[in-house]
*Asks:* 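To start, I am sharing the structure in question, which I have written as structure tokens.
Scope of the values below: all heavy atoms of this structure, side chains included, with no hydrogens, waters or symmetry mates.
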Amino acid sequence: AIEEIAAHSRVVNFLTDDTIIAEGEKGDSLYVISFGRVVVTKQKGDEVQVIAELDEGDFFGEKALLGEHVRSATVVALHACGLLRLTRKDVLDIAKQYPEISDKLEAANVARQ
């Protein structure tokens, strides 16, 4: 499964304070952190609430793959980072071959609600 993910992913780089995804945007990609650290935030009225900080090996954007095409949070690079970007189609195709991928995405989606 890891070889399939690597073969279908595209490397994207972000600098400190770059917005990777923004709450309310349409989304169709999953990101895996290759190096670096990001912060996940959610707007609550006039306040910005920190949901999580993620680093190497973590992933985000799974909700866009599981039917919710609008981003539910904003993710910003805390410092320079490299990510593997996988499209919805590629992840779903890989998940057909490797059901554990679907299980992991679904578990993360439930845990992050």
*Asks:* What pairs of donor and acceptor atoms, side-chain ones from residues 45-53 against any protein atom, are under 3.5 angstrom apart with sequence neighbours left out?
*Replies:*
| residue | atom | partner | partner atom | Å |
| --- | --- | --- | --- | --- |
| E53 | OE1 | R37 | NE | 2.9 |
| E53 | OE1 | R37 | NH2 | 3.0 |

*Asks:* Any heavy-atom pair between the side chains of D93 and Q97 that's under 4.5 Å?
*Replies:* no

*Asks:* For the atom pair CZ (R10) and CG (L86), what is the distance rounded to the nearest 0.5 Å?
*Replies:* 11.0 Å

*Asks:* Would you say that V39 contacts T41 through its side chain, given a criterion of any heavy-atom pair below 4.5 Å between the two side chains?
*Replies:* yes

*Asks:* For D90, is there any backbone N or O sitting under 3.5 Å from a side-chain donor or acceptor partner on T87?
*Replies:* yes

*Asks:* How many angstroms lie between CD in E62 and CZ in R88, if you round to the nearest 0.5 Å?
*Replies:* 13.0 Å

*Asks:* Please determine whether residues L78 and V76 belong to a single hydrophobic cluster, defined as Ile, Leu, Val, Met, Phe, Trp and Tyr linked transitively by side-chain heavy-atom distances below 4.5 Å.
*Replies:* yes

*Asks:* Closest heavy-atom contact between I33 and G36?
*Replies:* CG2-O, 3.7 Å

*Asks:* Any sub-3.5 Å donor-acceptor pair from S29's side-chain atoms to R85's backbone N or O?
*Replies:* no

*Asks:* A side-chain contact here means heavy atoms from C-beta on lying under 4.5 Å apart; do V11 and L84 qualify?
*Replies:* yes

*Asks:* At what distance, to the nearest 0.5 angstrom, does OG of S34 lie from CG of D58?
*Replies:* 12.0 Å

*Asks:* Contact between D18 and L15 at the side-chain level, heavy atoms closer than 4.5 Å - yes or no?
*Replies:* yes

*Asks:* Roughly how far, to the nearest 0.5 Å, is the CD1 atom of I20 from the CG atom of L83?
*Replies:* 5.0 Å

*Asks:* Would you check if V38 and C81 make a side-chain contact, meaning some heavy-atom pair closer than 4.5 Å?
*Replies:* yes

*Asks:* Report whether V75 and F35 are members of the same hydrophobic cluster (ILVMFWY, side-chain heavy atoms less than 4.5 Å apart, transitive linking).
*Replies:* no

*Asks:* Does the side chain of H8 reach to within under 4.5 Å of the side chain of I94, using non-hydrogen atoms?
*Replies:* yes

*Asks:* F60 vs Y31 aromatic rings, parallel, tilted or perpendicular, using cut-offs 30° and 60°?
*Replies:* parallel

*Asks:* Say whether, by atom type as modelled, one donor and one acceptor occur between the side chain of E23 and the main chain of Q43 under 3.5 angstrom.
*Replies:* yes

